[in-house]
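Quick notes on the structure that follows.
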Amino acid sequence: MRKMFDEGVLERYRNLTRDVEERMINLHPIQSGGRAGDYPGVVQAVLRFVDGYSVCDFCLKGRLDLIESPPLCDFHRDIAAFLGMDEARLFPGCRQAQYAAFHALVKPDDTIIVDSLAHYSTYLSAERVGARIVEVSHSGYPEYDLFIDAYAERIEEVKKETGKWPALAFLTHVDYNYGNVFDAKSVGEVIHDYGVPFVLNGAYTIGRMPVSGKELGADVMTASLHKSFASPAPSGLLLANEGYSDVIFRRSSIRGPWSGRNFENKEIETLGCTLPGCVAIGVMAAFPYVVERVKHWDEEVKKARYFIEQLERIDGIKQLGQRPHRHDLVHFESKSFFEVAQKHPRKGFFLYDELKARGVIGVQPGLSKSFKVSTYGKTWEQIKIAAEAFIEVAQKYNIPTH
Ligand SMILES: Cc1ncc(COP(=O)(O)O)c(C=O)c1O
């Protein structure tokens, strides 16, 4: 039976608060690069534009990317230039951007090539457009490295089997499981030899490290701004180069047969508009900070490598993925913590509890056999404290450290 609405429930929605970012060292891989709170300019701008459709005061042409005040029109041009692409549009996330690109470029029953380390949203986007997928495989434990040379073979197989070239080939620039960085440029070159569109997912690269779509040979790129661009959620980006932007950002041509209504200025894949308020403002306000921070990517990699070195001092802890590691997202196998968990009353949750007690969060509660963390944006001091916390936990449970 349907429950009657009782205003008493509203108490739980008052005074919503979150202060872990100030109180703790947060190593959560999906949160480290999207942290906007470190940048006062972003917080201030978001607050000033917090009202619903706050960017629409001067929406004179009916499109987000054409609004001149606040400078969304300039921003769309500037971010495309910064990322070495011709056109950019804001989306509510990387998944929506991927779906929009697939929807524009793929017809039902077309085949697309995807890397087998892609995020689930890539698979679901393919499913939603009715595409058949062919995967580029990867190596096994412990590196899980993508066989990037296999793109050519897969493309040729598709042509042989179906008589048609794949509708697109997709690469996840950095995979979300192991933080492996793939050589997008080489993949782009191979794919271009076949004239197949190359879609590059920069969810874990754009906003963290320098990325130029043109240099990498990408025809289309997607980004997750709330993951990697110091931006509020939900925010993502779809970028396309000439030759594809006309199709992806095509305008509406529908006309109401009775009313005669039409919407010629609206773009179909954005459903006319995407981020009409403080989220778009947050992304714009983050832009200057991001342009500066990507210059320090090498330092972020150094921090991640230092962290790996420290954690591997613990018996049974081993970094998975490419070595040397080239990204801040790190996956550790942790056999020794898993053994502790077997006998601990809190089971796998012991690791989360122990780290939390030492001011460190971000390891998924319940995980002890393996876990992922990200060192992105942390100071050297925070990295050292966090590494020390893991070592202390190991020592508390008599796991040898070196
Ligand atoms: C590689 C990759 N692509 C896409 C996504 C989806 O991103 P979003 O939350 O912006 O839709 C994720 C999320 O973790 C991801 O890791």
Side-chain angles (χ1 to χ4, degrees), residues 26-36 79 83 88-103 112-129 133 135-136 138 144-146 148 168-184 187 198-209 211 213 216 218 220-239 269-271 274-275 279-280 282-283 286 290 304 320-322 326-331 362-364 367 371-376:
N26 185 0
L27 303 177
H28 203 304
I30 64 169
Q31 291 176 333
S32 60
R35 172 140 169 76
I79 188 109
L83 295 171
R89 297 291 184 273
L90 285 168
F91 272 78
C94 182
R95 66 196 68 211
Q96 289 86 351
Q98 289 177 79
Y99 172 66
F102 288 8
H103 188 248
I112 67 176
I113 314 275
V114 299
D115 61 278
S116 53
L117 291 164
H119 189 246
Y120 68 82
S121 58
T122 306
Y123 288 75
L124 268 58
S125 294
E127 188 171 6
R128 195 172 173 195
V129 300
I133 54 166
E135 293 179 308
V136 172
H138 61 77
Y144 303 100
D145 214 347
L146 198 64
I148 59 168
L168 60 88
F170 183 97
L171 172 69
T172 312
H173 201 178
V174 167
D175 85 86
Y176 71 106
N177 234 331
Y178 304 103
N180 284 342
V181 184
F182 301 116
D183 182 356
V187 174
F198 175 31
V199 181
L200 181 64
N201 179 4
Y204 271 104
T205 54
I206 291 173
R208 288 167 122 93
M209 63 171 85
V211 174
L216 299 174
V220 177
M221 286 206 300
T222 55
S224 178
L225 304 179
H226 50 233
K227 199 191 318 300
S228 295
F229 206 87
S231 298
S235 53
L237 205 57
L238 176 58
L239 302 121
E269 296 299 348
T270 62
L271 295 177
T274 51
L275 304 179
V279 175
V283 173
V290 166
L320 304 178
Q322 295 165 338
R326 294 187 285 144
H327 198 269
D328 57 273
L329 188 157
V330 191
H331 197 144
V363 167
Q364 190 173 314
L367 290 189
F371 57 87
K372 290 194 293 184
V373 288
S374 158
T375 49
Y376 192 80

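Atoms within each ligand, like the ligands themselves, are counted from 1 in listed order. We're numbering straight along the sequence, starting at 1.
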Atom 7 (O) of ligand 1: which protein heavy atom is closest, and how many Å away?
C94 CB, 3.5 Å
Going by distance alone, is a donor N or O of one side chain under 3.5 Å from an acceptor N or O of the other, for Y376 and R35?
no
Does T274 use its side chain to pair, donor to acceptor, with the backbone of L90 at less than 3.5 Å?
yes
Which one holds for N201 and ligand 1: side chain close, backbone close, both close, or neither close, with close meaning a heavy atom under 4.0 Å?
side chain
Ligand 1 atoms in contact with A203 (distance to a heavy atom under 4.0 Å)
1 (C), 2 (C), 3 (N)
shortest atom 5 (C) of ligand 1-to-protein heavy-atom contact is with H119 ND1, 3.3 Å
Side chain of S228, backbone of G207: donor and acceptor closer than 3.5 Å?
no
Numbered in order shown, the ligand 1 atoms found under 4.0 Å of a heavy atom of T172 are 1 (C)
I'd like to know if the side chain of T205 pairs up with that of H173 as donor and acceptor (distance under 3.5 Å, no hydrogens or angles considered).
yes
Taking 4.0 angstrom as the limit and counting only heavy atoms of S224, give me the atoms of ligand 1 inside it, by number and element.
7 (O), 8 (P), 10 (O)
Mind checking whether Y204 and H327 have parallel, tilted or perpendicular rings, split at 30° and 60°?
perpendicular
Spell out, as yes or no, whether a donor-acceptor pair under 3.5 Å connects the side chain of S125 to the backbone of S121.
yes
Of all the atoms in ligand 1, which lie at a distance below 4.0 Å from a heavy atom belonging to Q98?
4 (C)
Any idea how F102 and F170 line up, ring-wise: parallel (<30°), tilted (30 to 60°), or perpendicular (>60°)?
perpendicular
Rounded to the nearest 0.5 Å, how far does OG1 of T172 lie from CG of L146?
8.0 Å
Relative to ligand 1, is S121 under 4.0 angstrom through side chain, backbone, both or neither, heavy atoms considered?
side chain
If the cut-off is 4.0 Å to any non-hydrogen atom of Y176, which atoms of ligand 1 fall inside it?
16 (O)
Which residue and heavy atom of the protein sit nearest atom 13 (C) of ligand 1, plus the separation
K227 NZ, 2.8 Å
Where on R95 is there a heavy atom closer than 4.0 Å to ligand 1, on the side chain, on the backbone, on both, or on neither?
both
Which of the numbered atoms in ligand 1 are below 4.0 angstrom from a heavy atom of Y204?
16 (O)
